[in-house]
Amino acid sequence: FPVTIPHPVYFNGTNLLSVNGLRIVGTDPYRFPKREVNNQSLAYVDRSTTTSAFYGGKPLHVMAVIAVNGRELLDRSIGELRRILEPKNKILQLPIDGVQRKYNNVTLTNILFTGVGGGYAELDIEFLCADPFSYNTITTEVLNVINLTSGNKSYPVTFEGTAKQLPTITYTVDSFTNGDNRTISFSSPLQDKTITVERTWTAAEVLVIDNDNKTVEVDGEGCYRDWE
């Protein structure tokens with residue numbers, strides 16, 4: 001049998017190793033995302049110029065084998081795998097250099113079978129990731145501010161690289177006097193966007209703004225979703 005990888009691969013929160021007899025033998029996360037380039041002809045000359053060049057979907061491959069006792073069990077394992085991979089725009093998590101990374105908005109495009117015989121099959125599982133970037137599964141704290149006692153504060157945060165960052169903002173209300181119908185707002189002056197939560201606040205409540213999943217929650221209860 002091919003050498004298997006001990007690290008798990010997750011799709012939509014399900015470990016692919018949970019499929020009976022399935023083993024991961026390799027991943028291919030290093031392909032460059034497809035770049036969608038559009039050209040436009042220049043007036044009165046036989047020339048053109050590039051008007052846009054956006055990175056589109058990124059292909060991802062997971063190579064696996066299924067080894068079970070007989071064709072009937074093989075068919076069951078393949079059916080189970082297809083049910084797991086059926087949803088679209090889900091999170092794919094796989095190991096890169098021994099570290100788990102996640103890709104957002106991933107959809108299965110094809111499963112190529114080779115070497116099928118008896119209870120054995122080799123699989124090349126092809127995915128397309130609409131988001132060309134991968135993300136760490138461990139949160140990194142970039143700013144920690146305590147003892148906020150005045151209304152308006154500005155704390156600039158600088159990120160390295162060119163990828164757009166999607167931070168998670170956690171705000172804990174330590175104490176509150178007359179918290180009826182009060183607002184807490186977070187703004188991005190560069191993008192001219194503001195998120196405001198108006199409610200009756202009490203001490204020890206925790207406000208979490210998750211820019212990755214586009215959710216706003218107070219003590220785990222959602223209060224707004226799906227912003228642009």
Side-chain angles (χ1 to χ4, degrees), residues 10-14 29 33-36 52-58 60 87-97 99-107 127-228:
Y10 296 89
F11 182 79
N12 193 24
T14 301
K34 179 181 178 182
R35 201 173 192 189
E36 300 172 354
S52 63
F54 299 102
Y55 284 106
K58 174 182 175 63
L60 295 167
K88 63 180 181 179
N89 292 322
K90 300 301 180 180
I91 294 176
L92 176 67
Q93 181 178 317
L94 48 79
I96 301 179
D97 294 332
V99 179
Q100 289 287 322
R101 303 282 293 180
K102 70 175 183 177
Y103 292 86
N104 297 323
N105 299 323
V106 177
T107 303
F127 297 95
L128 183 64
C129 178
D131 185 344
F133 300 101
S134 67
Y135 300 89
N136 202 335
T137 59
I138 302 174
T139 301
T140 300
E141 186 177 274
V142 295
L143 183 66
N144 187 355
V145 180
I146 60 176
N147 298 327
L148 289 176
T149 57
S150 59
N152 298 318
K153 289 290 185 179
S154 177
Y155 298 96
V157 179
T158 302
F159 297 99
E160 296 181 355
T162 58
K164 293 183 178 180
Q165 303 298 319
L166 303 173
T168 296
I169 303 171
T170 301
Y171 182 82
T172 302
V173 181
D174 293 328
S175 62
F176 228 110
T177 302
N178 187 20
D180 295 345
N181 297 323
R182 297 283 183 164
T183 61
I184 295 178
S185 299
F186 292 88
S187 301
S188 175
L190 292 178
Q191 296 185 353
D192 192 26
K193 291 184 178 181
T194 301
I195 293 178
T196 299
V197 180
E198 180 179 357
R199 67 192 308 267
T200 298
W201 297 92
T202 58
E205 287 187 320
V206 180
L207 168 65
V208 178
I209 302 173
D210 188 339
N211 287 272
D212 187 6
N213 295 308
K214 293 182 170 53
T215 59
V216 179
E217 297 180 344
V218 177
D219 284 350
E221 182 177 346
C223 50
Y224 187 74
R225 294 177 181 271
D226 297 329
W227 70 78
E228 294 295 332

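The first residue in the sequence is number 1, and the count goes up from there.
For Val142, the side chain to side chain contact (heavy atoms under 4.5 Å, CB included) test picks out Val157, Phe159, with sequence neighbours left out. Scored by the ring-ring contact (aromatic ring centres under 6.0 Å, His included) test, Tyr103 finds no partners at all (sequence neighbours excluded). Residues satisfying the side-chain hydrogen bond (donor to acceptor under 3.5 Å, both in side chains) test with Ser187, not counting sequence neighbours, are Thr194. Annotation: side chain to side chain contact (heavy atoms under 4.5 Å, CB included) contacts of Asp192 (sequence neighbours excluded): none. For Lys102, the salt bridge (charged side-chain N to carboxylate O under 4.0 Å, His left out) partners are Asp212, not counting sequence neighbours. Listed by chain and residue number, Asp131 satisfy the side-chain hydrogen bond (donor to acceptor under 3.5 Å, both in side chains) test with Tyr135 (two or more places apart in sequence, or in another chain). Applying the side chain to side chain contact (heavy atoms under 4.5 Å, CB included) rule to Asn12 yields the partners Pro87, Lys90; only residues at least two apart in sequence or on another chain are considered. The side-chain hydrogen bond (donor to acceptor under 3.5 Å, both in side chains) test applied to Ser185 returns Thr196, not counting sequence neighbours. With sequence neighbours excluded, the residues forming a side chain to side chain contact (heavy atoms under 4.5 Å, CB included) with Val206 are Thr170, Thr172, Val208, Asp219, listed by chain and number. Taking the side-chain hydrogen bond (donor to acceptor under 3.5 Å, both in side chains) definition, one finds that Glu36 meets it with nothing, sequence neighbours left out.
Here the CG-CD1 distance, from Asn211 to Ile169, works out to 5.5 Å after rounding to the nearest 0.5 Å. Atoms OG1 and OH, on Thr137 and Tyr10 in that order, are 10.0 Å from each other to the nearest 0.5 Å. One distance of note links CG of Asn89 with CG of Asn105; it measures 5.0 Å at 0.5 Å rounding. To the nearest 0.5 Å, atom CG of residue Leu128 and atom CG of residue Leu92 are 11.5 Å apart.
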Query raised in the report: Does the side-chain contact (heavy atoms from CB on, under 4.5 Å) test come out yes or no for Tyr171 and Ile209, once each step is laid out?
Result: CA-CA 9 Å; Tyr171 182 82; Ile209 302 173; over 6 Å; no
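Two residues are said to be in side-chain contact when any heavy atoms from C-beta on lie closer than 4.5 Å; Val173 and Leu207 fail this criterion.
Considering all non-hydrogen atoms of both residues, Glu205 and Thr200 come closest at OE1-O, 4.0 Å. Across all non-hydrogen atoms, the minimal contact from Leu143 to Tyr155 is CD2-CB, 3.5 Å.
Between the side chain of Trp201 and the backbone N or O of Arg182, at least one donor-acceptor pair lies under 3.5 Å. Arg101 places no side-chain N or O within donor-acceptor distance of the main-chain N or O of Ile96, the cut-off being under 3.5 Å.
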